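One-based numbering along the sequence shown. Since the structure is predicted, the reported quantities are computational estimates derived from the model, not experimental observations.
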Amino acid sequence: MSPADRLPSYRRSRLKMYFAGALALASWMGSTGMAADSPGTATLSVHFIGLKSSQGAVMVAVFNSEAAYENSGTASEAATRSLKLEIKDGAAIATLEGIPPGQYAIKAFHDLNGDAKLNTNLFGIPTEPVGFSNDAPVHMHAPFWKETVFVVHAGENAISIHLD
């Protein structure tokens, strides 16, 4: 006969409830700990290629939705992240840390004159080099979301964008 069997029946049932509750709590705590770790975060490195000058800066807007991307024009207010990158030795690299995995699109331009604006001619054609994720081409308008969207997975990610 075990020591638990010597207890009155109401105490045995109470003891079983405590063990069941403790087991359920331990199981729940383990599952929430695993769920918090599973989605993870991502780091995205963006290398800007084709910079013909080290003057000015590279202006970058990162979008995480089609609506924000399509309605942004050249402004970066709707961007998830906006960056101004210094150019060193003809290269610029953006490192975005701690972003959630998901879909993103990037618009960028080489701000040659330092006015933080994409300068255009009378017809609205950029007079400063521009670039988009997936190196999406410009055809009389900026590329659409579906041409520029890419997936960022948990962990390390890297892409390159040509500025022409």
Atom [atom1] in [X], atom [atom2] in [Y]: separation rounded to 0.5 Å?
X: L163; Y: S53; atom1: CG; atom2: OG; result: 12.0 Å
X: I161; Y: H47; atom1: CD1; atom2: NE2; result: 10.5 Å
X: Y104; Y: R81; atom1: OH; atom2: CZ; result: 7.5 Å
X: K88; Y: E86; atom1: NZ; atom2: CD; result: 5.0 Å

**Report entry** Listed partners of F150 passing ring pair (Phe, Tyr, Trp, His ring centres under 6.0 Å), at least two apart
**Finding:** none

Quick check against the 3.5 Å criterion: does [X] have a side-chain atom that pairs as donor or acceptor with the backbone of [Y]?
X: Q103; Y: V149; result: no
X: E70; Y: W145; result: yes
X: D89; Y: A91; result: no
X: K107; Y: Y69; result: yes
X: N134; Y: A136; result: no
X: D111; Y: F109; result: no
X: T120; Y: P126; result: no
X: T80; Y: N64; result: yes

Query raised in the report: Do you reckon V152 sits in the same ILVMFWY cluster as I159, going by side-chain contacts under 4.5 Å, direct or chained?
Result: yes

Below 4.5 Å, heavy atoms only, C-beta onward: do [X] and [Y] meet side chain to side chain?
X: L44; Y: I99; answer: yes
X: H110; Y: E128; answer: no
X: E97; Y: T41; answer: no
X: S133; Y: T148; answer: yes
X: L96; Y: V62; answer: yes
X: L85; Y: V60; answer: yes
X: I87; Y: V58; answer: yes
X: P101; Y: H153; answer: no

Considering non-hydrogen atoms only, spot the tightest contact between [X] and [Y] and give its length.
X: L83; Y: A94; answer: CD1-CB, 3.8 Å
X: A78; Y: A68; answer: O-CB, 3.5 Å
X: F132; Y: A142; answer: CZ-CB, 3.9 Å
X: V46; Y: F48; answer: CG1-CZ, 3.5 Å

Query raised in the report: Going through the checks in order, is the side chain to side chain contact (heavy atoms under 4.5 Å, CB included) test met by V130 and V138?
Result: CA-CA 9 Å; V130 297; V138 177; 4.2 Å; yes

